[in-house]
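Each remark here refers to the structure printed beneath this line.
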Protein chains: 2
Amino acid sequence: MPEKKYSYEYPHPAVTTDIVVFTIRDQQLKLLLIKRKLPPFKGSWALPGGFVALDEDIDQCAERELEEETGVRGVYLEQLCTYGHPGRDPRERVITIAYYALIPSEKIQIRAATDAEAVDWFAMHELPELAFDHATIVEQAKQRLLTKLDYSTIAFQFLSAEFTLTEVQKIYEIILEEEIDKRNFRKWALALESIEETGEVCRDGRHRPAKLYRKINPREVEILK
Amino acid sequence: MPEKKYSYEYPHPAVTTDIVVFTIRDQQLKLLLIKRKLPPFKGSWALPGGFVALDEDIDQCAERELEEETGVRGVYLEQLCTYGHPGRDPRERVITIAYYALIPSEKIQIRAATDAEAVDWFAMHELPELAFDHATIVEQAKQRLLTKLDYSTIAFQFLSAEFTLTEVQKIYEIILEEEIDKRNFRKWALALESIEETGEVCRDGRHRPAKLYRKINPREVEILK
DNA sequence: GCAAAAGTGTTCCAGATACACCCATGT
DNA sequence: ACATGGGTGTATCTGGAACACTTTTGC
């Protein structure tokens with residue numbers, strides 16, 4: 001039994017952040033999961049996350065956990081919801097602040113952090129059984145992403161620095177799981193005025209080269225009316 | 001110095017819920033605030049809220065706090081965001097899960113809970129200085145309410161059991177702070193198919209009586225496309 | 001009969017949808 | 001020359017915005 005050196009007059013729950021990390025890979029919407037090295041749920045797949053340090057802002061905590069697992073910094077990260085059902089963690093009362101992150105596939109260089117036996121990407125359609133209430137969290141994150149597609153440019157956060165319009169369209173098609181008309185899509189995307197031509201082209205096959213575009217404000221997610 | 005009987009191996013923050021309670025009164029969007037009886041910020045106005053009990057779900061906690069202050073149950077209550085900046089509370093690390101509630105003006109019967117010196121309604125435009133980071137929370141709650149007006153029927157939660165179309169329109173005008181065309185508004189509201197005529201009318205002046213309506217699913221907030 | 005709010009339709013415009021062919025390149 | 005994905009315009013539909021007069025009641 002380890003020594004318990006933090007004492008309070010009233011009971012305090014433990015607080016963690018968990019992060020739903022989305023990316024687009026192999027023409028699929030994928031999710032980063034870690035395999036737990038320690039109990040509870042040892043050996044189960046779970047969302048990356050961890051305890052909030054005492055002097056650390058919760059957003060910072062989520063950023064730190066994300067970086068530990070993926071090595072990426074400065075990607076889109078948004079607070080999703082806080083889950084605090086008593087009993088969601090068998091050890092003690094744990095309240096978790098869930099975040100979700102969108103990362104461009106190029107930036108990916110996953111590594112198992114110290115508390116994980118393995119890290120891997122899973123297609124949304126082929127998720128394993130998840131630890132804790134993480135299946136619920138993932139479901140809500142997916143829902144939020146879908147909703148935000150409709151009224152923001154959030155999907156552009158999946159794009160790397162330079163991209164073709166076809167790549168953008170693919171991202172929408174993958175997430176929405178439906179085909180989109182090419183002409184209408186391009187008209188819409190260009191009317192946003194949040195991307196511009198780089199002047200370069202991408203030659204990657206025996207066909208006409210595609211114009212490359214870049215985001216005008218890479219970090220910004222525009223809210224559409 | 002009180003005895004500190006809850007001990008943990010690692011530091012744990014305190015966790016509270018705070019609630020932004022909106023209503024429409026006197027043709028204004030108003031907010032419920034309490035005057036703090038105890039330090040810190042003794043004598044300041046603040047959001048109602050309190051510590052999460054160990055065996056209590058966080059949603060339940062918010063409901064309980066809301067009921068203690070207003071006596072209402074079963075009103076619209078939604079999680080807003082979690083705030084955990086270290087130093088936001090001078091006593092110790094406190095993370096707060098903010099909620100917002102919409103209550104119909106008829107249901108109001110405020111009472112000062114034990115930890116409050118006073119409770120009162122304030123117009124959004126005439127808020128006093130607020131304790132902690134509550135001004136930020138209120139700002140974000142207002143923002144969320146405005147956004148949700150656009151794509152949901154959330155504003156109907158301000159309505160009592162029976163109402164006239166003019167009353168509904170007033171609510172929208174008050175929140176949006178702009179006038180709305182009567183014919184367009186009624187066309188829109190009736191096309192939703194979430195309200196129906198009661199068959200009764202409201203006679204309240206020397207003019208034509210107004211038809212009364214009721215919500216078809218009173219608790220439901222519809223998401224509009 | 002008059003003051004006051006309730007109730008009611010049509011036209012117009014903008015943005016979304018449906019739809020098919022030519023272009024530039026690599027092999 | 002042909003296979004492959006890149007690139008482009010027009011007609012139609014639909015939902016939102018603008019706009020003014022008649023109705024029913026209380027006094």
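Both backbone and side-chain heavy atoms feed into the values below; hydrogens, waters and symmetry mates do not. Order of the sequence lines fixes the chain letters, A, B, ..., with proteins taken first and strands second; residue numbering starts at 1 for each chain. Note that this is a predicted model, so its numbers are computed, not measured.
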- How about Ile195(B) and Leu190(B): do any of their side-chain heavy atoms sit closer than 4.5 Å? yes

- Task: Not counting sequence neighbours, which residues clear ring pair (Phe, Tyr, Trp, His ring centres under 6.0 Å) with Phe41(A)? List them please.
- Result: Phe132(A)

- Query: For residues 196-213 of chain B, which residues have at least one heavy atom under 4.0 Å from DNA chain D?
  - Reply: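 Heavy-atom cutoff 4.0 Å gives Arg203(B), Gly205(B), Arg206(B), His207(B), Arg208(B), Pro209(B).
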
- Can you sort out which residues in residues 144-159 of chain A have a heavy atom within less than 4.0 Å of DNA chain D? Ascending by number, please. none

- Query: Looking at DNA chain C, which of residues 176-183 of chain B put a heavy atom within less than 4.0 Å of it?
  - Reply: Lys182(B), Arg183(B)

- Query: In whole Å, what is the span from the CZ atom of Phe185(A) to the P atom of dA18(C)?
  - Reply: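 Between P of dA18(C) and CZ of Phe185(A): 16 Å.
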
- Message: Just the rounded figure in Å: distance from C1' of dA5(C) to CD of Glu173(B).
- Response: 13 Å

- Non-hydrogen atoms of Ile58(A) and Thr17(A) that approach each other most closely: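 Taking every non-hydrogen atom into account, O-CG2, 3.9 Å.
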
- Task: Could you list all the side-chain hydrogen bond (donor to acceptor under 3.5 Å, both in side chains) pairs where at least one residue sits in residues 148-165 of chain B, not counting sequence neighbours?
- Result: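 Listed by first then second residue: Glu78(B)-Lys148(B).
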
- Query: Heavy-atom count around Lys215(A) NZ within 6.0 Å, excluding the residue itself: above 12?
  - Reply: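 Atom NZ in Lys215(A) is crowded, with more than 12 foreign heavy atoms closer than 6.0 Å.
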
- Item | Distance in Å, Ile97(B) CD1 paired with Tyr83(A) OH, rounded so as to fall on 0.5 Å steps | 12.0 Å

Could you list all N or O pairs between the protein and nucleotides 10-16 of chain D that sit under 3.5 Å apart?
{"from": "dT10(D)", "atom 1": "O4", "to": "Lys187(A)", "atom 2": "NZ", "distance (Å)": "3.0"}

- Task: Report yes if at least one side-chain N or O of Thr166(B) is closer than 4.0 Å to OP1 or OP2 of dA6(C); otherwise report no.
- Result: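 For dA6(C), OP1 or OP2 has a side-chain N or O of Thr166(B) closer than 4.0 Å.
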
